[in-house]
Amino acid sequence: MGATLDLETGIARVITSGTSAKARFIAASGGAPVALCQVDGRRWSTLEGRAVVRTSPEEVAEAERRYTARYKPPRANPARVVIEIQVTRVLGNV
């Protein structure tokens, strides 16, 4: 799983399969409070916010574009969805 962050809009995006437990839970709840964490040795960061699942082809393509720019092209997944997090709090030690 890889996440991207759009600083201008305060939106973090996670691409995942629509069949994953995280996507199913968020979709079933109509949105959920979440924390997205990353650790690199002594450095860490946590983004908190409300997550929703996006399924439109345009939203999935945008998230894939951002993922590709940050990491590498994701493998093909016809069941892919985007977990979109409106970040409300940032914590960390960098």
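We use all heavy atoms of the structure for the numbers below, so side chains are in, but hydrogens, waters and symmetry mates are not.
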Treating Ile, Leu, Val, Met, Phe, Trp and Tyr as nodes and any side-chain heavy-atom pair under 4.5 angstrom as an edge, say whether [X] and [Y] lie in one connected cluster.
{"X": "Ile26", "Y": "Ile85", "value": "yes"}
{"X": "Val34", "Y": "Leu5", "value": "yes"}
{"X": "Leu7", "Y": "Ile11", "value": "no"}

Would you say that [X] contacts [Y] through its side chain, given a criterion of any heavy-atom pair below 4.5 Å between the two side chains?
{"X": "Ile83", "Y": "Lys22", "answer": "yes"}
{"X": "Ile15", "Y": "Val60", "answer": "no"}
{"X": "Leu36", "Y": "Gln38", "answer": "no"}
{"X": "Thr68", "Y": "Pro74", "answer": "yes"}

Identify each donor-acceptor pair in which a side-chain atom of residues 39-51 lies under 3.5 Å from a protein atom, sequence neighbours left out, and give them as a table.
from: Asp40; atom 1: OD2; to: Arg43; atom 2: NH2; distance (Å): 2.3
from: Arg50; atom 1: NH2; to: Gly31; atom 2: O; distance (Å): 3.0

Looking only at non-hydrogen atoms, find the nearest pair between [X] and [Y] and report the distance.
{"X": "Arg13", "Y": "Asp6", "value": "NH1-CB, 3.8 Å"}
{"X": "Val82", "Y": "Glu59", "value": "CG2-O, 3.7 Å"}
{"X": "Ala23", "Y": "Gly18", "value": "CB-O, 4.0 Å"}

### Task
Could I get the full list of ring pair (Phe, Tyr, Trp, His ring centres under 6.0 Å) partners for Tyr71, not counting sequence neighbours?
Tyr67

### Message
Show me the pairs that pass side chain to side chain donor-acceptor pair (under 3.5 Å) and involve residues 74-88, at least two apart or across chains.
### Response
Arg54-Glu84, Glu64-Arg80

